[in-house]
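The block underneath contains the structure these notes are about, expressed in structure tokens.
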2 protein chains.
Amino acid sequence: MVTKGKISEEVKCPVTGILQLIGGKWKPIILYCLRSETRRFGEIAARIPSISRKVLTEQLRELEQDNLILRVQFNEIPPRVEYSLTAMGKSLSPVLHEMEKWGLENIMNKK
Amino acid sequence: MVTKGKISEEVKCPVTGILQLIGGKWKPIILYCLRSETRRFGEIAARIPSISRKVLTEQLRELEQDNLILRVQFNEIPPRVEYSLTAMGKSLSPVLHEMEKWGLENIMNKK
DNA sequence: AAAAGTGGTAACTAAATGGTAACTAAAGGC
DNA sequence: GCCTTTAGTTACCATTTAGTTACCACTTTT
């Protein structure tokens with residue numbers, strides 16, 4: 001299809017941009033889980049029981065690469081790893097907060 | 001870690017809830033595209049050029065089923081269909097707006 | 001000895017998502 | 001006759017993402 005001189009919205013779409021960072025099935029929940037606390041791997045897994053450890057690891061790695069979370073590894077036995085939000089991750093909190101609000105108003109008290 | 005009477009976050013997680021409605025790869029962009037205008041199928045497709053017509057159709061159907069958008073079909077030849085946000089769809093605008101804001105601040109003017 | 005505790009990895013399978021091509025309808029243009 | 005327009009549908013295949021199961025490394029506790 002030929003675009004007759006019309007500029008597509010997508011090219012400059014900020015929503016597309018954020019979705020590339022937090023668009024995964026689990027990423028918003030993981031960030032939401034870390035919104036106010038530093039948490040260990042096992043803690044996150046316990047709070048999101050239906051995610052597998054493999055997928056959780058993958059998603060955490062991607063979030064780390066995108067500079068939204070910080071991973072700190074302590075070389076102890078047994079091992080300990082702590083995850084927390086970076087400044088950039090914290091800057092997402094208005095977005096997560098609006099999602100939370102909407103969910104509370106439109107889903108939670110509807111059933 | 002033993003959950004000492006602690007309920008998992010997920011069970012009552014409002015973020016999980018909203019993600020079931022708008023968690024798809026394209027849904028936030030489609031809603032964002034309809035945020036202030038009623039649009040025809042072809043218009044939406046033109047504004048989101050990288051989505052195929054088939055997938056756009058599927059996503060629109062799902063949004064319609066979830067009562068976020070309204071589909072009005074005019075039985076003309078050639079066919080005409082108009083999409084717009086329902087009240088529930090409009091209620092998502094703070095979420096989309098925060099996503100847009102974050103995208104503008106953190107991605108668009110960063111390159 | 002063996003299990004518990006921690007944060008993973010590897011190999012494999014399943015599910016979700018995305019894509020193309022060909023087809024439909026009725027009227028108008030060449 | 002054939003092409004164009006519009007908003008799809010159908011069939012089929014490819015790709016991407018997610019899930020399952022088993023296993024490791026290392027120390028302390030049972």
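Treat the numbers as computed from the prediction; the structure is a model and nothing was measured. Note on naming: letters A, B, ... go to the chains in the order of the sequence lines (proteins, then strands), and numbering restarts at 1 for each one.
The side chain of B:P78 lies closest to D:dT6, out of D:dT9, D:dT6, D:dG19. In the set C:dT6, C:dA10, D:dA11, the nucleotide with an atom closest to the side chain of B:K54 is D:dA11. Side-chain atoms of A:R53 lie closest to C:dG8 of the nucleotides D:dA18, C:dG8, D:dG8.
In this model, the phosphate group of C:dT17 is not approached by any side-chain N or O of B:W26 to a distance below 4.0 Å at OP1 or OP2. Side-chain N/O atoms of A:R80 include none lying less than 4.0 angstrom from OP1 or OP2 on D:dC26. A sub-4.0 Å separation between OP1 or OP2 of D:dT17 and a side-chain N or O of A:Q59 is absent. Applying the 4.0 Å criterion to OP1 and OP2 of D:dG19, one finds that A:K25 has a side-chain N or O inside that range. Side-chain N/O atoms of A:R40 include one lying less than 4.0 angstrom from OP1 or OP2 on C:dG7. Between A:R61 and C:dT9, a side-chain N or O to OP1/OP2 separation shorter than 4.0 Å is present. Dashed line: the shortest gap from a side-chain N or O of B:R39 to OP1 or OP2 of D:dA7 is not under 4.0 Å.
The nearest pair of heavy atoms linking B:E98 to A:V95 is O-CG2, 3.6 Å. Residues A:P28 and A:L96 come closest through the heavy atom pair O-CD1, 3.5 Å.
Using a 4.0 Å heavy-atom criterion, one finds that B:F74 contacts no nucleic acid atom at all.
Whole-Å rounding puts the B:I48 CD1 to C:dG18 P distance at 12 Å. Between the CG atom of B:L19 and the P atom of D:dT17 there is a distance of 16 Å, given to the nearest Å. Put simply, CD on B:E62 is 10 Å from C1' on C:dT17, counting in whole angstrom units. When rounded to the nearest whole Å, the span between CD of B:Q20 and P of D:dA18 equals 14 Å. If you take CD of B:E76 and P of D:dA7, they are 10 Å apart, rounded to a whole angstrom. Whole-Å rounding puts the A:I51 CD1 to C:dA15 P distance at 18 Å. Rounded to whole angstrom, the span from the CG atom of B:L60 across to the C1' atom of D:dT6 amounts to 14 Å. For the pair A:E58 CD and C:dC12 P, the interatomic distance rounds to 16 Å; values are reported in whole Å.
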* Dump the intermediate steps for salt bridge (charged side-chain N to carboxylate O under 4.0 Å, His left out) on A:E43 and A:R47, then the final yes or no. => CA-CA 6 Å; A:E43 271 182 286; A:R47 278 165 185 276; 5.1 Å; no
Q.
What verdict does the side-chain contact (heavy atoms from CB on, under 4.5 Å) test give for A:F41 and A:L56, after you've listed the backbone C-alpha separation in whole Å, the side-chain angles of each residue and the deciding distance to 0.1 Å?
A. CA-CA 9 Å; A:F41 182 87; A:L56 178 54; 3.9 Å; yes
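B:L34 is not connected to B:L70 by any chain of hydrophobic side-chain contacts under 4.5 Å among Ile, Leu, Val, Met, Phe, Trp and Tyr, and they are in different clusters.
With B:Y83 as the fixed residue, the side-chain hydrogen bond (donor to acceptor under 3.5 Å, both in side chains) test singles out one of B:R39, B:R71, B:E64: B:R71.
With contacts defined as side-chain heavy-atom distances shorter than 4.5 Å, the pair A:L92/A:I18 qualifies. Using a 4.5 Å heavy-atom cutoff, the side chains of A:W102 and B:L21 are in contact.
Helix bend of the helix from C:dA1-D:dT30 to C:dC30-D:dG1: the angle between its two end axes, each built from five pairs, comes to 30° after rounding to 10°.
Nearest-nucleotide assignment on DNA chain D puts the 5′-proximal partner with B:Y83, out of B:Y83 and A:I77.
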